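Note that the structure is a prediction, hence the values are computed from the model and not measured.
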Amino acid sequence: MALLEGCAFGYQHLDITPAAAFESQPLEEDGLVLVADAILDNRETLCDQLGIERRFRGTLPDSRLILLAYRRWGGDCVRRLVGDFAFALWDARNCSLLCARDHIGARPLYCLRQRDRFCFATDQRAFRAWPGLNLEIDESSVAAFLLSPGDCHVLSFFRDAFPLTPGHVLRVDQQGLTLDAHWTPEEAAPVRYTRREDYVEHFRELLLQAVDDRLDVTAGVGSHLSGGLDSSGVTVLASRLIQDRGRRLDNCYTWSPPVSSRYPLLGAGRRDEREVIARICRQEALECHYGTTSGADFLAYLERDMAVDGTVDVFEELDVMRVAAERGTRVMLSGWGGDESATFGIRGYPAYLLTHGRWWKLLTLTREAAGGTKRPRNMARFLWHQGVLPCLPDSLFNRFSPYADPERLPPLYRQALIERFPEAAARRGAAWRIYPDPGRMQCLLMHHGHLGSRMSTWAHWSAEHGLIYRYPLTDRRLLDFTLGLPPELLWEEGQPRRLYRDAIGQRLPPGLAKNDSANERKRMAIREECWGLLSLATERQAFQMPCEWLDMAAFRDLLVQVPDGGMKYDELTDFISLCSAVQSWHLWRRYMSSGR
């Protein structure tokens, strides 16, 4: 803890990388004070630019590198940092505070301003420790959540608090608060080569670099493995690269259930991601922990404090964290973020072909996506939804959009709450809208907030287990490359994501494709079990406390309407609405009931 005139800095340490053993924070030097949750992946490049002798580099912690970079380049130093980081730096020379968060939001950072106080923390629970702060619930955020619980809500549930936007720097001084971007996906420069082989080679080089940099750790490394391109590619590359370091991956982890009589393999001719997982584990001599979560686990997740946990439904990762911690794993690799960049599909591409007069390629793509010309209805549906509809004005797109409409959810909220906060309806993410421009779609997905929200939730939960998540496919150097690729590379020879496959090459087993039917069946069973437990709790007089945000009569009626004969997909909207109401009821009980 560093106490200065008018400010205080605190830090909790976790050794992951070799240089982290030399951390001593808060770091104070000549009027500068720094606290950082950071793992830098371009240490050698920074050391070269700063003129640091090689004999000193091994004992130079990342916090010290950031401080030296600030001395050299000021606030612009953030643009030179590659890795996962959140830091705050006090400059006594001009009485200013600089807060920064990495480009993708891998490390969380929250800010709170009340009157003449400004606080920051990587976990909002830390705000409770500061005397005199008033953590009141922002009811407009509750209204937004109840309106569209399936969407991603990046605003804090606490009034006066907010997450620092990924890729941004916040300066706090006597003039107030100033927010600036240090990275945006729109800044990616076009990448154009004369030969396709050059794209493949550059892609391969960046992939290997992104994974290898995240293996420079002193602890056990685990990896997600779903059978899809993203996690499979990361796992296989990590396995090969860590062997070059004389070590092995600790374990693989999947949410899919183990093969059993309840969840048998799908059979000949049908893809099952568990077969892919088993094939990769045999190839790389790895073990895999399969998902064992239950309805009781889902119920426990719904009862957690969503004001500090967030609202992203990733409760199955809690089991992964527990098992990984018991094994001594301290770093978990994830392929999360690949769909938005490295393995981006064809969202916006059919409409792009239509508007650019590439009709034959559009017809070929439509035929492949629909399963052949013998399925004309599928072809017409694909062409309408993916080709024509994105080219229409917003009003027509919203009318005919195939994507989930929050108004279809059974309303369990009180209408008076929504009427008090009419702006809540405008918080829905723009990524639901498809435009005839794949590049624009990638940027929208980057801005949507779901990446940073999920990463923040995992960071909060995993901290309790001494575990850190790393995301190679969101490496900034890799993103700058993939976001600049020409749209023509999105679909080649009847196959999407071909460039990624070719970049990894023969390391991937044949027949790779994600199909999580078994996991979806397991998730449906978990939901049904959770609904049954909620109904049983209601019969035992739970949820009796009134909540002014909810239509309590409708809420209690839905709690006991457990589907007969197994939960169906058309009942999912009821369950989603029910879960959001349960979470909101617990939020009310924690923060609002004592004062009403």
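Side chains of Thr122 and Asp37: no donor on one and acceptor on the other come within 3.5 Å. Side-chain polar atoms of Ser156 and Gln124 form a donor-acceptor pair below 3.5 angstrom. There is a side-chain donor-acceptor pair under 3.5 Å between Tyr469 and Glu317.
How far CD1 of Ile52 is from CD of Glu44: 9.5 Å, rounded to the nearest 0.5 Å. Atom CG of Leu333 is separated from atom CG of Leu225 by 11.5 Å, given to the nearest 0.5 angstrom. Atom CG of Asp437 sits about 8.0 Å away from atom NE2 of His356, to the nearest 0.5 Å. Atom CZ of Arg347 is separated from atom CE of Met441 by 4.0 Å, given to the nearest 0.5 angstrom. Interatomic distance, Phe162 CZ to Leu177 CG, rounded to the nearest 0.5 Å: 5.5 Å. With rounding to the nearest 0.5 angstrom, the CG atom of Leu241 is 11.5 Å from the CD atom of Gln209.
Trp336 pairs by the ring pair (Phe, Tyr, Trp, His ring centres under 6.0 Å) definition with nothing, not counting sequence neighbours. With sequence neighbours left out, Asp212 forms a side-chain hydrogen bond (donor to acceptor under 3.5 Å, both in side chains) with Arg245. By the side-chain contact (heavy atoms from CB on, under 4.5 Å) test, Cys288 is found to be paired with Cys252, Thr254, Ile277, Cys281, Tyr290, residues two or more places apart in sequence or in another chain being considered. With sequence neighbours left out, Thr482 forms a side-chain hydrogen bond (donor to acceptor under 3.5 Å, both in side chains) with no residue at all. Remark: Glu53 pairs with Arg55 by the side-chain hydrogen bond (donor to acceptor under 3.5 Å, both in side chains) rule, at least two apart or across chains. Applying the side-chain contact (heavy atoms from CB on, under 4.5 Å) criterion to Gln49, with sequence neighbours excluded, gives Thr45, Leu46, Trp73, Arg80. The side-chain contact (heavy atoms from CB on, under 4.5 Å) check on Ala126 picks up Ala121, with sequence neighbours excluded. Every residue two or more places apart in sequence or in another chain that forms a ring pair (Phe, Tyr, Trp, His ring centres under 6.0 Å) with Trp183 is listed here: His103. With sequence neighbours left out, the side-chain hydrogen bond (donor to acceptor under 3.5 Å, both in side chains) criterion links Ser96 to Asn94. With sequence neighbours left out, the side-chain contact (heavy atoms from CB on, under 4.5 Å) criterion links Ala210 to Arg214, Pro472, Asp475.
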Walk me through it: do Asp84 and Arg470 pass the test salt bridge (Lys or Arg N to Asp or Glu O under 4.0 Å)? CA-CA 8 Å; Asp84 302 341; Arg470 304 298 317 275; 2.7 Å; yes

Could you go through the side chain to side chain contact (heavy atoms under 4.5 Å, CB included) check for Trp491 and Thr364 one step at a time? CA-CA 11 Å; Trp491 187 77; Thr364 305; 3.6 Å; yes

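A pairwise comparison of heavy atoms in Gln386 and Ile434 identifies OE1-CD1, 4.1 Å as the closest pair. Here the shortest heavy-atom pairing between Pro61 and Arg43 reads C-NH1, 3.9 Å. In plain terms, the two heavy atoms of Asp309 and Thr457 that are nearest each other are O-OG1, 2.8 Å. Considering every non-hydrogen atom in both Leu473 and Ala342, the closest pair reads CD2-CB, 4.3 Å. Minimum heavy-atom separation, Leu81 to Phe87: CD1-CE2, 3.9 Å. Pairing each heavy atom of Arg72 with each of Leu50, the nearest pair is NH2-O, 3.5 Å.
Panel note: side chain Glu316, backbone Thr293; no donor-acceptor pair is recorded below 3.5 Å. Of the possible donor and acceptor atoms, none in the side chain of Ser341 sits under 3.5 Å from a partner among the backbone N and O of Leu479. In terms of modelled atom types and a separation under 3.5 Å, the side chain of His182 and the main chain of Arg101 share a donor-acceptor contact. Side-chain N or O atoms of Arg107 include none that pairs as donor or acceptor with a backbone N or O of Phe85 at under 3.5 Å. His168 places a side-chain N or O within donor-acceptor distance of the main-chain N or O of Pro166, the cut-off being under 3.5 Å. Judged purely by atom type and a 3.5 angstrom limit, Ser239 has no side-chain atom pairing as donor or acceptor with the backbone of Thr235. Side-chain atoms of Asn42 come within 3.5 Å of backbone N or O of Val82 as a donor-acceptor pair. A distance-only check finds no donor-acceptor pair linking the side chain of Asp502 to the backbone of Gly505 [under 3.5 Å].
At least one side-chain heavy atom of Tyr349 sits less than 4.5 Å from a side-chain heavy atom of Leu365. Taking the side chain as every heavy atom from C-beta outward, Phe344 and Leu445 approach each other to under 4.5 Å. Put simply, the side chain of Glu284 reaches to within 4.5 Å of the side chain of Arg240, judged on heavy atoms. Counting heavy atoms from C-beta on, the side chains of Val221 and Asp250 never come closer than 4.5 Å. In this structure, the side chains of Phe56 and Cys47 stay at 4.5 Å or more apart for every pair of heavy atoms. Residues Arg196 and Arg498 form a side-chain contact, since some pair of their non-hydrogen atoms from C-beta on lies under 4.5 Å apart. Annotation: side chain of Asp319 is in contact with side chain of His289 (closest heavy-atom distance under 4.5 Å). In this structure the side chain of Trp458 reaches within 4.5 angstrom of the side chain of Ser334, judged on heavy atoms.
Between Tyr199 and Tyr193, the two ring planes are tilted [angle within 30° to 60°].
Applying the ring pair (Phe, Tyr, Trp, His ring centres under 6.0 Å) test to pairs two or more places apart or on separate chains, those with a residue in residues 311-334 are Phe298-Phe315, Tyr301-Phe315. For residues 332-346, every residue pair satisfying the salt bridge (charged side-chain N to carboxylate O under 4.0 Å, His left out) rule, not counting sequence neighbours, is listed here: Asp339-Arg497.
Salt bridge annotation for Arg279-Glu275: absent, with no cationic side-chain nitrogen under 4.0 angstrom from a carboxylate oxygen. Salt bridge Asp41/Arg477: absent, no basic N to carboxylate O contact under 4.0 Å. Note on Lys522 versus Glu273: no salt bridge recorded, every NZ/NE/NH1/NH2 to OD/OE distance being 4.0 Å or above.
With respect to Tyr352, the side chain to side chain donor-acceptor pair (under 3.5 Å) criterion is satisfied by exactly one of Glu488, Arg440, Arg358: Glu488.
Judged by a 6.0 Å distance limit and a 45° cone about the ring axis, Arg433 is positioned over the six-membered ring of Tyr435.
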